[in-house]
Amino acid sequence: MSRKHLGHTARKRFGQNFLHDEYIIQQIVAAIRPENGQNMVEIGPGLGALTEPVCELIDQLTVVELDRDLVERLSTHPFLSSKLNIVQSDALKFDFSQLVDQEKPLRIFGNLPYNISTPLMFHLFSYATHVQDMHFMLQREVVNRLAASPGSKDYGRLSVMAQYYCQVIPVLEVPPSAFKPAPKVDSAIVRLIPYSDKPIKVDDVDKLQQVCKMAFNQRRKTIRNSLQSILNDAQLEQAGVNPELRAENLSLSDYAALANTIV
């Protein structure tokens, strides 16, 4: 029973687009480099396009899948079922700390549904201390945002928070033709490697989140105006940040300085 005969119709409400291009699949698996004995976790295995080739290399894989129909197919699959630990859950709400083994950090991968990719990134960042690396297929626009530098149109809250938690490495671009049904957007693979020592000192990560959210929610305003309810001019000066700048002009270290200045 190969993935071509699983006979599942993609469901729009789950944002399902199934990967079928063998060459692309091989490149993704080569980028992930799964090895036996590692704590491998796949989010949204779908029809097993990545699950099957990964399970050809390792004996055990945890998969987190919301769609009951796909869970049923995976649990009765003649090749995969004996290797899988299947968690039927919404990855956005799932407590990934349940999968943590102190000896084996999590290695997470998946072809993520476009409609949940950004909130899922923020959810996964909260488990970063337990993660060795993450490899995701995302909308290319989301990968651009993850990797963006200050001053670019793609730079935003996701860029700042991703780069606080992880080294962000774009790996591979993937055309719409690699999927069925073909999405209307280009995709890309990104590698995220959580820092064991953060590049910037932040006293309270919730304050960093707060500053980024407020600044980028009003990105056309100056920092003085967008943050006036939590920081005054003297505090901006103390943080060494020009109050006339806008959100996209500030670096990660600027945002950290602002967060550390909030009383």
Side-chain angles (χ1 to χ4, degrees), residues 91-97 108 112 114-131 133-134 136 138-171 185 188 190-263:
L92 272 175
K93 297 173 184 159
F94 181 62
D95 177 5
F96 283 86
S97 65
I108 303 173
L112 300 187
Y114 295 149
N115 55 350
I116 66 160
S117 58
T118 300
L120 184 56
M121 291 289 111
F122 283 105
H123 181 55
L124 289 169
F125 292 153
S126 64
Y127 300 98
T129 52
H130 304 297
V131 175
D133 59 18
M134 300 185 275
F136 293 126
L138 298 162
Q139 222 168 311
R140 189 173 72 184
E141 173 195 320
V142 177
V143 173
N144 290 347
R145 283 165 52 205
L146 285 164
S149 302
S152 74
K153 64 177 174 51
D154 293 317
Y155 186 69
R157 184 167 72 108
L158 181 62
S159 321
V160 176
M161 296 311 300
Q163 291 166 38
Y164 168 68
Y165 282 107
C166 305
Q167 185 183 358
V168 180
I169 307 163
V171 175
V185 294
V190 68
R191 177 181 294 130
L192 301 168
I193 305 174
Y195 291 110
S196 47
D197 294 311
K198 300 280 192 302
I200 300 291
K201 182 180 179 294
V202 172
D203 300 330
D204 181 344
V205 73
D206 289 338
K207 288 180 177 173
L208 179 63
Q209 291 265 26
Q210 180 188 17
V211 168
C212 289
K213 197 168 190 174
M214 290 180 75
F216 284 105
N217 277 356
Q218 305 179 73
R219 60 189 301 152
R220 288 168 187 240
K221 290 188 175 180
T222 62
I223 287 296
R224 170 186 282 129
N225 290 334
S226 62
L227 300 181
Q228 63 182 352
S229 63
I230 56 169
L231 289 167
N232 59 35
D233 274 13
Q235 289 170 304
L236 292 176
E237 190 176 323
Q238 182 190 333
V241 173
N242 179 347
E244 298 303 318
L245 293 177
R246 290 180 169 78
E248 70 264 22
N249 304 123
L250 271 58
S251 66
L252 169 57
S253 57
D254 290 332
Y255 281 107
L258 291 171
N260 292 343
T261 305
I262 298 173
V263 178

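None of these values were measured; they are calculated from a predicted model.
- Residues Ser97 and Asp95 bring a donor and an acceptor atom of their side chains to less than 3.5 Å of each other.
- Looking only at distances, no side-chain donor or acceptor of Ser152 sits under 3.5 Å from a matching main-chain atom of Ala148.
- For Ile200 against Tyr164, the heavy-atom pair with the smallest separation is O-CE1, 3.7 Å.
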Could you walk me through whether Val131 and Ile108 satisfy the side chain to side chain contact (heavy atoms under 4.5 Å, CB included) test, starting with their C-alpha distance in whole Å, then the side-chain angles of each, then the deciding distance to 0.1 Å, before giving a yes or no? CA-CA 8 Å; Val131 175; Ile108 303 173; 4.0 Å; yes
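- Counting heavy atoms from C-beta outward, Gln167 and Leu192 have side chains that stay 4.5 Å or more apart.
- Rounding to the nearest 0.5 Å gives a distance of 12.5 Å between CZ of Arg191 and SG of Cys166.
- Across all non-hydrogen atoms, the minimal contact from Ala257 to Ala239 is CB-O, 3.6 Å.
- Arg145 pairs by the salt bridge (charged side-chain N to carboxylate O under 4.0 Å, His left out) definition with nothing, not counting sequence neighbours.
- Remark: Met214 CE to Asn225 CG distance equals 11.5 Å, nearest 0.5 Å.
- With rounding to the nearest 0.5 angstrom, the CE atom of Met134 is 10.0 Å from the CG atom of Leu112.
- Across all their heavy atoms, Phe136 and Met121 have their closest contact at CD1-CE, 3.3 Å.
- Cation-pi geometry between Arg157 and Tyr255 is not met at under 6.0 angstrom from the ring centre and within 45 degrees of the axis.
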Checking Leu258 against Leu231 for the side chain to side chain contact (heavy atoms under 4.5 Å, CB included) test, could you report, in this order, the C-alpha distance in whole Å, the side-chain angles of both residues, the deciding distance, and whether it holds? CA-CA 8 Å; Leu258 291 171; Leu231 289 167; 3.8 Å; yes
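- The stretch residues 228-237 participates, sequence neighbours left out, in these side-chain hydrogen bond (donor to acceptor under 3.5 Å, both in side chains) pairs: Arg224-Asp233.
- Taking CZ of Arg246 as the reference point, atom CD1 of Ile223 lies at 10.0 Å (rounded to 0.5 Å).
- For Tyr155 (side chain) and Leu250 (main-chain N/O), a donor-acceptor pair under 3.5 Å exists by modelled atom type.
- Between the side chain of His130 and the main chain of Phe96, no donor-acceptor pair closer than 3.5 Å is present.
- Counting only distance, with no hydrogens or angles, the side chain of Asn260 and the backbone of Asp203 share a donor-acceptor pair below 3.5 Å.
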Evaluate side chain to side chain contact (heavy atoms under 4.5 Å, CB included) for Cys212 paired with Met161, printing each intermediate quantity in order. CA-CA 8 Å; Cys212 289; Met161 296 311 300; 4.2 Å; yes
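- Rounded to the nearest 0.5 Å, atoms CG (Leu146) and OG (Ser159) are 7.0 Å apart.
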What's the verdict on side chain to side chain contact (heavy atoms under 4.5 Å, CB included) for Arg219 and Glu248, showing C-alpha distance, side-chain angles and the deciding distance? CA-CA 7 Å; Arg219 60 189 301 152; Glu248 70 264 22; 3.7 Å; yes
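- For the side chain to side chain contact (heavy atoms under 4.5 Å, CB included) criterion with Leu138, the lone passing option out of Asn144, Leu120, Val143 is Val143.
- At distances below 3.5 Å, not a single donor-acceptor pair connects side-chain atoms of Gln163 with backbone N or O atoms of Val168.
- Between Pro194 and Ala128 the shortest heavy-atom distance is CB-O, 3.5 Å.
- Note that Lys198 lies outside the cation-pi zone of Tyr165, set by a 6.0 Å cut-off to the ring centre and a 45° limit from the axis.
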